[in-house]
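First comes the structure, then the notes that go with it.
Worth saying up front: this structure is predicted, and the values here are computed from it rather than measured.
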Protein chains: 2
Amino acid sequence: MPKPTAPNLPSDAVVDAWIALNRAQQTAQLKIERALRDAQLPPCAWYDVLWELDRAGEAGLRPFEIERRRLIAQSNISRLVDRLAEAGYVERVPCQEDARGQRVVITPAGREMRKRMWPVYARAIGDAVGRRVLDPEAQMLATLLGKLT
Amino acid sequence: MPKPTAPNLPSDAVVDAWIALNRAQQTAQLKIERALRDAQLPPCAWYDVLWELDRAGEAGLRPFEIERRRLIAQSNISRLVDRLAEAGYVERVPCQEDARGQRVVITPAGREMRKRMWPVYARAIGDAVGRRVLDPEAQMLATLLGKLT
DNA sequence: TGGAGATATATGCGAGTGCATCTAGTTGTC
DNA sequence: GACAACTAGATGCACTCGCATATATCTCCA
């Protein structure tokens with residue numbers, strides 16, 4: 001009979017879930033990151049940001065918006081945008097409604113890079129995740145994992 | 001009807017699972033790491049290795065064994081052991097059956113630190129995971145995530 | 001209106017990471 | 001038994017991260 005030892009102390013099932021979560025994420029992440037690197041493409045994080053910016057369109061996004069959507073720490077956003085801008089994939093444009101801020105806008109080169117990355121990224125996700133679970137399992141996973149966020 | 005576009009290309013459910021996996025892991029990891037830091041304790045990775053070594057007993061483990069159990073890259077193990085040794089929590093002892101290698105053995109101070117970390121670590125797992133899912137859900141999660149490793 | 005406090009972003013710093021490479025020792029093969 | 005191929009572990013390097021802090025701007029209220 002599973003019985004917590006004290007308030008908030010996790011059951012064995014919860015600890016197991018935490019361990020499995022780490023291992024699974026790490027394993028998948030490693031494979032996917034490697035697939036991109038092997039294809040001479042930028043890392044996963046670049047894709048995610050380019051994707052957000054592509055969806056955002058002309059207006060782009062404020063750095064703090066990217067931060068919230070992607071759960072990246074503020075200082076890391078700042079530098080990730082630096083790198084993306086240096087690579088020519090995004091542009092920082094001044095922001096008239098708030099002089100402290102800026103808008104980050106994707107460039108055509110950025111859009112193209114995102115498109116170029118997708119097949120590789122997708123195949124890697126397929127290999128690392130899709131091949132190992134059935135579709136309904138994947139759905140269940142997404143639902144359960146969603147509760148942790 | 002969900003139908004893969006091409007061999008190995010992931011369905012939407014799979015992509016969602018991958019995204020949720022990242023977010024969940026990152027969120028939980030961040031909280032747990034912070035809880036340890038706030039309690040002036042070493043990071044999560046130290047706990048994991050100390051735990052393996054504690055279970056391994058007198059004989060300790062070879063670095064490459066730790067590597068396999070914890071999915072840490074070889075070079076990182078090497079340096080993590082450096083740090084643990086410098087902190088006095090483990091000791092490198094020469095390995096007679098293979099002169100290239102060594103055995104990493106936990107010290108009493110290491111055992112004690114592991115014990116000291118556990119309550120904080122456990123509570124953090126409880127907060128980050130246990131509070132958000134029911135026990136059977138955690139079990140299901142562990143099972144599904146296990147398939148990805 | 002004049003600050004006080006909040007918010008947006010940048011940056012210095014110390015630490016950890018992955019990759020490539022190096023050294024030393026081991027195993028298998030002829 | 002000698003040499004090629006392999007394995008264990010260490011290390012230099014470039015890069016990224018998280019944290020703390022700095023700076024500029026904004027908001028709101030006395």
Sorted by number, residues from residues 93-104 of chain B placing a heavy atom under 4.0 Å from DNA chain D are Arg100(B), Gly101(B), Gln102(B)
Going only through I, L, V, M, F, W and Y residues with side-chain contacts under 4.5 Å, is there a path from Leu9(A) to Leu36(B)?
no
If I take atom CD1 in residue Ile77(B) and atom C1' in nucleotide dC19(C), what distance separates them, rounded to the nearest angstrom?
16 Å
Heavy-atom nearest nucleotide on DNA chain D taken for Ile72(A) and for Ser78(B); more 5' hit belongs to Ser78(B)
Expected list for residues 60-69 of chain A near DNA chain D, using heavy atoms below 4.0 Å, is none
In whole angstrom, what separates Trp46(B)'s CH2 from dT17(C)'s P?
11 Å
Looking at Arg83(A), I'd like to know whether one of its side-chain N or O atoms comes within less than 4.0 Å of OP1 or OP2 on dC17(D).
yes
Can you measure from CG (Leu84(B)) to CD (Glu91(B)) and round to the nearest 0.5 angstrom?
12.5 Å
Check for a donor-acceptor pair, side chain of Glu65(B) on one end and backbone N or O of Arg62(B) on the other, with a separation under 3.5 Å.
yes
Can you tell me the distance, in whole Å, between the CG atom of Leu84(B) and the C1' atom of dG16(C)?
13 Å
If I take atom CD in residue Gln29(A) and atom C1' in nucleotide dT17(C), what distance separates them, rounded to the nearest angstrom?
12 Å
Among residues 33-44 of chain A, which residues get a heavy atom nearer than 4.0 Å to DNA chain C?
Arg34(A), Arg37(A)
Hey, are Arg55(A) and Glu52(A) close enough for a salt bridge, meaning a charged N less than 4.0 Å from a carboxylate O?
yes
Do Leu145(A) and Leu21(A) pass the side chain to side chain contact (heavy atoms under 4.5 Å, CB included) test, and can you show the C-alpha distance, the side-chain angles, and the key distance before you say yes or no?
CA-CA 9 Å; Leu145(A) 289 169; Leu21(A) 176 60; 3.8 Å; yes
Salt bridge between Arg69(A) and Asp48(A), side-chain N to carboxylate O under 4.0 Å?
no
Distance-only, no hydrogens or angles: does the Gln25(A) side chain make a donor-acceptor pair with backbone N or O of Asn22(A) under 3.5 Å?
no
Can you classify the ring geometry of Trp118(A) versus Tyr121(A) as parallel (below 30°), tilted (30 to 60°) or perpendicular (above 60°)?
perpendicular
Distance check needed: dG16(C) C1' versus Glu86(B) CD, whole Å only.
14 Å
Dump the intermediate steps for side chain to side chain contact (heavy atoms under 4.5 Å, CB included) on Lys31(B) and Asp127(B), then the final yes or no.
CA-CA 9 Å; Lys31(B) 285 185 201 162; Asp127(B) 283 353; 6.0 Å; no
Ignoring hydrogens and angles, does a donor from either the side chain of Ser75(A) or the base of dC17(D) sit under 3.5 Å from an acceptor on the other?
no
Roughly, in whole Å, what's the span from CZ in Arg79(A) to C1' in dT21(D)?
12 Å
Ignoring hydrogens and angles, does a donor from either the side chain of Gln74(A) or the base of dA8(C) sit under 3.5 Å from an acceptor on the other?
no
Would you confirm whether Thr27(A), through its side chain, and Thr149(B), through its main-chain N or O, come within 3.5 Å as a donor-acceptor pair?
no
Give a yes or no on whether a salt bridge exists between Asp38(A) and Arg34(A), defined as a side-chain N under 4.0 angstrom from a carboxylate O.
no
